[in-house]
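Atom set for the values below is all heavy atoms of this structure, side chains included, hydrogens, waters and symmetry mates excluded.
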Amino acid sequence: MAPLKPVNSYLDSIKTTIFSVMSALAVEHSAVNLGQGFPDDEGPDAMKEKAAAALYDHNNQYPPYAGVAELKQAVARHSERYSGIPVDAATETLVTVGASEALTCAFLGLVNRGDEVILFDPQYDLYAPAATFAGAVIRTVQLDPNDWSVPHAAMEAAFSERTKLVLINSPHNPTGKVFSDEDLAFIAGLCVKHNTYAVCDEVYEHLVFEGSHHRSLRTFPGMADRAVRVGSAGKTFSFTAWKIGWVTGPARLVTAVAKAHQFVTFTVASSLQRAVAYGLDHEVAFYTGLGKMLEGKRAYLERRLKEIGFQVLPAQGTYFLIADFSTETDTDFSIRLTKEAGVTTIPVSAFYISADPPRTLVRFCFCKTDDKLRQACDALESFFGKRRALQPRRS
């Protein structure tokens, strides 16, 4: 009997992700898991109550594929209120099954096979597979690991007449960087010069620390008609299981993304949509307070890690902290920390698809309870010895 035909060669080539490996190790060794990027504390109870009530107050059949009117209108109000970008709820908004589907459908809807797209390294691990599914040719630009700034010369060299799309994730996972106005203006200028679209992954838009300000690339000259923005209820309300995302932008581009969406998931749970609509309008204090709350957690973790001997890299938002240990490869170090110290992190090299990534950086996730952060820091301090220097390479 002949062997069975092969499955999809690209997906078959993808190994088990480091996130799955590290989470399994954390369970096996009963480690404090500061690797997984989800919050311990959940969002407003009133939103849960709205979701539950909606199951009984409305029908449970397919809602409109682009989203229920309540949420589309709330998303439009939210866009103008916090980003200064007015959008038409009917034609310039789309509701998706989380930001992941929004991003995947953006690639599918905007890119033709053979088009070039630019991705920054390090990057969220969905971007490259989603671009590959769409048949894109990927060009990468590495952010400067000293301060995660955009290297302008490398960025300019990556653009050409073949560049169809650039993806901007700000605030940025895994680094916590909020892109500066200078960097955004430079990128916008290149997009206009080369007639390039932009997908703006802005799921952490409210998770910004004091002294920093998130500004959307779509607000820059020439970008209003060539950029779409992606948002997330999971990040905005700490309800990651709900998987409610949205896309806003010019009608022509949102329509293209929606055409992909209708063949990927078609529609989104209506009860959760209605709860998120309520939250965007009525739980403003919750999501506008996330930045200050998370900044306090980061400050605690940063102080404790520095006392142990880590060097902590700068960040202006999200719930991720990058630290340099400079003693062995990041993967070996993360595995050893889990097994021997009882604390799980993620090696930053896992967020790179380009050659020669930094090999001495690990990512901590600090959107955890204060007790869990304290437990993790105590375990690390005990493992390394109080104030024991790890001799980081950076001065």
Side-chain angles (χ1 to χ4, degrees), residues 37-39 41-83 85-106 171 200-208 214 216 228-249 254 257-258 261-262 264-291 293-294 318-319 367:
F38 63 82
D41 296 324
E42 295 197 344
D45 285 342
M47 291 178 65
K48 297 180 184 179
E49 294 167 1
K50 289 290 183 181
L55 289 169
Y56 295 94
D57 294 342
H58 301 271
N59 72 59
N60 289 274
Q61 309 310 320
Y62 295 128
Y65 90 102
V68 300
E70 298 98 309
L71 181 52
K72 288 167 67 67
Q73 292 161 5
V75 165
R77 289 190 291 270
H78 178 268
S79 175
E80 186 163 14
R81 186 186 309 131
Y82 294 105
S83 297
I85 305 174
V87 295
D88 179 77
T91 63
E92 297 182 329
T93 67
L94 171 70
V95 181
T96 59
V97 181
S100 294
E101 194 223 342
L103 292 162
T104 300
C105 290
C200 306
D201 181 352
E202 301 179 8
V203 298
Y204 298 100
E205 61 182 316
H206 292 294
L207 282 62
V208 177
H214 165 65
S216 176
V228 294
R229 303 172 63 224
V230 175
S232 165
K235 303 302 187 294
T236 302
F237 297 108
S238 299
F239 285 138
T240 58
W242 286 20
K243 298 297 293 180
I244 302 292
W246 53 84
V247 179
T248 61
V254 172
V257 178
H261 160 74
Q262 70 179 334
V264 174
T265 62
F266 180 67
T267 192
V268 184
S270 58
S271 58
L272 298 179
Q273 289 190 61
R274 291 186 170 95
V276 172
Y278 169 85
L280 286 173
D281 285 338
H282 300 285
E283 296 292 348
V284 175
F286 178 85
Y287 58 80
T288 57
L290 284 174
M293 181 270 291
L294 289 168
T318 75
Y319 34 58
C367 56

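Residue pairs meeting the side-chain hydrogen bond (donor to acceptor under 3.5 Å, both in side chains) criterion with at least one member in residues 41-63, sequence neighbours excluded, are Glu42-Lys48.
Across all their heavy atoms, Pro86 and Glu92 have their closest contact at O-OE1, 4.3 Å. In terms of heavy atoms, Cys105 sits closest to Val264 at SG-CG2, 3.9 Å. Of all heavy-atom pairs spanning Ala89 and Gln73, the tightest one is CB-CA, 3.8 Å. When all heavy atoms are compared, the tightest approach of Leu290 to Ser238 is CD2-OG, 4.4 Å. Between Val95 and Val268, the shortest heavy-atom distance links the atoms O-CG2, 3.8 Å.
Scanning for ring-ring contact (aromatic ring centres under 6.0 Å, His included) contacts around Trp246 gives an empty result, with sequence neighbours left out. Evaluation of the side-chain hydrogen bond (donor to acceptor under 3.5 Å, both in side chains) rule for His261 yields Glu101, Thr265 as partners, not counting sequence neighbours.
Relative ring orientation between Tyr82 and Tyr287 is described as perpendicular, the plane-to-plane angle rising above 60° on a 0-90° scale split at 30° and 60°.
Screening Thr248, Val247, Leu94 for a side chain to side chain contact (heavy atoms under 4.5 Å, CB included) with Val228, the sole residue that qualifies is Val247.
Counting heavy atoms from C-beta outward, Arg77 and Leu280 have side chains that stay 4.5 Å or more apart.
A donor-acceptor contact shorter than 3.5 Å links the side chain of Lys72 to the backbone of Thr93. The backbone N or O of Pro63 sits less than 3.5 Å from a side-chain atom of Thr267, completing a donor-acceptor pair. Side-chain atoms of Gln273 come within 3.5 Å of backbone atoms of Val68 as a donor-acceptor pair (strictly under, hydrogens ignored).
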The test is salt bridge (Lys or Arg N to Asp or Glu O under 4.0 Å); show your working for Asp201 and Lys235 and say whether it passes. CA-CA 12 Å; Asp201 181 352; Lys235 303 302 187 294; over 6 Å; no
